[in-house]
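Down below is the structure, laid out as structure tokens.
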Amino acid sequence: MSCAPSLVDSFGRTISYLRISVTDRCDLRCRYCMAEEMTFLPKAALLSLEEIAIIAERFIARGITKIRLSGGEPLVRRDVAELVRRLGRHVGAGLDELTMTTNGTRLAEHAEALVAAGIRRINVSLDSLDADVFRHITRHGDVAQVIDGIFAAKRAGLAIKINMVALKGLNEGEIAPMLEWCGSNGFDLSLIETMPMGAIDEDRADRFLPLTKVFDDLSKAFDLSRDDHRSGGPARYWRVGNHGTRLGLISPLTANFCDGCNRVRLTTEGKLYMCLGQDDQVDLKSVLRAEGVAGLDAALDTAMRLKPARHDFQIAPGGAPAVARHMSVTGG
Ligand code: SAM
Ligand code: SF4
């Protein structure tokens, strides 16, 4: 274990959780996430696998105990399995947990390798169980392929949390059935409010569904009791009485929990963002390329001074995104 000082920001929050976007590319085009004609970064702009690993390992030395690989779709990056294996060596030796958020399209082929590398839990995005609604939301996705991937992951021994973005007029009638489905399959469920990140082809306000309303409806149909679990993010948790599923509500718009924030995010081109909803960043790729690993500690200390108190997300009809970059760039 390193004795390098841990990462504490200027508001006294200890940073213990790093999310890494390993690619901004994706094989789906979810309407709330991306424009149909999305422009992706040129490959030359991306961190190499080795650079991602070096940066992640410096974070581990500075006290990060949890890393989530995300994107874009992490499983479309060709060398991702190698990165998972390399970071997996730190699980139990600095890292408490290595995990991933995926859209599930390629899970069937990767699930066993993820387990072999030390991953125990994953989040899989699934906004609808209905083939037509799923295809509409993702613009061309095949829900059967994702469900196959989810069950392959379950068979491989991974614990699964389903992420579902609550979308007015699209999947709002499917939230209670999704909670039932998760309960009967042993999965947890997190519901997410759509966040104003990056330009898309529609007005997010038209699809914004406040989770306060969703929760009121769910509590009439399910026996929900508060669960004290905290992940250091904008989620609050409940247990569903009859099947024990943990229900998370990720509601940055209707409830702000930035006071307890424990995370920072590394983009695929090496920029470290200290807040999903703000533009403050430190360019770790430039530091690493100019000064080597030795330069990273000072850059991380600068980042801690720059971490803002909170996001300022708001959704209003016709309103501009709070930040220009998409969630897929920062790693959701
Ligand atoms: N492609 C993977 C997936 O979909 O799970 C990982 C990346 S995706 C950006 C991570 C999570 O962010 C997904 O659960 C997705 O639904 C969510 N997401 C993407 N854009 C969002 C937005 N604008 N507001 C809220 N959630 C969003
Ligand atoms: Fe791709 Fe995930 Fe964004 Fe959907 S939410 S377009 S799967 S990155």
Side-chain angles (χ1 to χ4, degrees), residues 19-41 68-77 80 99-107 110 121-128 134-143 145-146 149-150 153 160-168 170-171 178 187-211 233-235 248-254 263 265-268 273 276-277 311 313-315 319-332:
R19 291 191 175 200
I20 304 175
S21 175
V22 299
T23 174
D24 62 330
R25 288 163 197 264
C26 190
D27 53 352
L28 300 181
R29 293 286 184 280
C30 303
R31 288 168 187 272
Y32 53 80
C33 177
M34 293 186 182
E36 187 158 18
E37 300 301 329
M38 187 74 180
T39 310
F40 296 108
L41 291 164
R68 177 178 299 280
L69 303 179
S70 184
E73 173 46 38
L75 295 178
V76 305
R77 180 157 172 162
V80 73
T99 185
M100 179 178 279
T101 301
T102 171
N103 65 23
T105 58
R106 297 174 189 215
L107 250 185
H110 285 278
R121 301 190 300 155
I122 54 169
N123 291 5
V124 186
S125 298
L126 181 62
D127 297 323
S128 173
F134 185 83
R135 191 174 313 105
H136 176 78
I137 293 174
T138 59
R139 290 200 175 93
H140 58 255
D142 173 5
V143 76
Q145 184 186 0
V146 173
I150 290 172
I160 292 162
K161 176 155 79 181
I162 300 296
N163 279 356
M164 179 183 193
V165 177
L167 298 163
K168 188 165 77 180
L170 278 182
N171 64 4
M178 183 69 90
F187 307 148
D188 287 337
L189 175 65
S190 277
L191 301 173
I192 306 174
E193 284 177 342
T194 183
M195 298 174 220
M197 299 189 62
I200 55 171
D201 299 329
E202 11 193 286
D203 187 343
R204 284 196 179 87
D206 293 343
R207 295 291 178 205
F208 176 62
L209 185 58
L211 291 184
L249 300 191
I250 302 179
S251 47
L253 278 298
T254 55
R263 59 198 59 191
R265 294 174 156 91
L266 181 67
T267 71
T268 189
Y273 281 90
L276 198 55
H311 66 73
F313 282 148
Q314 284 176 2
I315 286 207
V323 288
R325 65 186 187 280
H326 294 81
M327 180 85 100
S328 49
V329 171
T330 322

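Atoms within a ligand are numbered from 1 in the order they appear, just like the ligands themselves. Since we're looking at a predicted model, the values are computed, not measured.
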So is there a nitrogen or oxygen of [X] less than 3.5 Å from a nitrogen or oxygen in ligand 1?
X: G72; value: yes
X: Y32; value: yes
X: M195; value: yes
X: S125; value: yes

Next item on the list: Kindly confirm whether atom 4 (Fe) of ligand 2 is within less than 2.8 Å of some N/O/S atom in C26?
Entry: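 Looking at C26, which is the residue asked about, there is no N, O or S atom under 2.8 Å from atom 4 (Fe) of ligand 2.
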Check: Would R325 and T330 count as having a side-chain donor-acceptor pair, cut-off 3.5 Å?
Finding: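 There is such a pair between these side chains.
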Item checked: Matching residue for L126 among N163, I162, N171 - test: side chain to side chain contact (heavy atoms under 4.5 Å, CB included) ->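 The side chain to side chain contact (heavy atoms under 4.5 Å, CB included) with L126 is passed solely by I162 among N163, I162, N171.
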For [X] and [Y], indicate whether the former's side chain and the latter's backbone hold a donor-acceptor pair under 3.5 Å.
X: E73; Y: L28; result: no
X: R31; Y: H136; result: yes
X: D127; Y: V165; result: yes

Which ligand 1 atoms, with their elements, are less than 4.0 angstrom from a heavy-atom of [X]?
X: G71; result: 7 (C), 9 (C)
X: V165; result: 16 (O), 26 (N)
X: I192; result: 14 (O), 25 (C), 26 (N)
X: R204; result: 23 (N)
X: S70; result: 6 (C), 7 (C)
X: N163; result: 14 (O)
X: T102; result: 2 (C), 3 (C), 5 (O)

Check: Can an N, O or S atom be found in C33 less than 2.8 Å away from atom 3 (Fe) of ligand 2?
Finding: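 Short answer: yes, at least one N, O or S atom is under the cut-off.
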Notebook entry, point to check: Quick one: nearest non-hydrogen protein atom to atom 6 (S) of ligand 2, plus distance?
Noted result: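 Looking at atom 6 (S) of ligand 2, the protein heavy atom closest to it is C30 N, 3.2 Å.
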Margin query: Can you report which non-hydrogen protein atom sits closest to atom 26 (N) of ligand 1, along with the distance?
Written below: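 Sorting protein heavy atoms by distance from atom 26 (N) of ligand 1 puts M327 CE, 3.4 Å first.
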Next item on the list: Please check if atom CD in E37 has more than 12 non-hydrogen atoms from other residues, nucleotides or ligands closer than 6.0 Å.
Entry: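 No.
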Next item on the list: Taking atom CZ of R139 as the centre, report whether more than 12 heavy atoms of other residues, nucleotides or ligands fall under 6.0 Å from it.
Entry: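 It does: R139 CZ has more than 12 such atoms within range.
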Margin query: Using a 4.0 Å cutoff against the non-hydrogen atoms of G72, which atoms of ligand 2 qualify?
Written below: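 Going through ligand 2 atom by atom, the ones under 4.0 Å from G72 are 8 (S).
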Next item on the list: Specify side chain, backbone, both or neither for C33, according to which of its non-hydrogen atoms lie closer than 4.0 Å to ligand 1.
Entry: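 It is both parts that get close, each with some atom under 4.0 Å.
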Next item on the list: Of the side chain and backbone of N123, name the one, both, or neither that has a heavy atom under 4.0 Å from an atom of ligand 1.
Entry: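 Neither part.
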Next item on the list: Using non-hydrogen atoms of the residue, decide whether G71 is closer than 4.0 angstrom to ligand 2.
Entry: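 No, G71 has no heavy atom closer than 4.0 Å to ligand 2.
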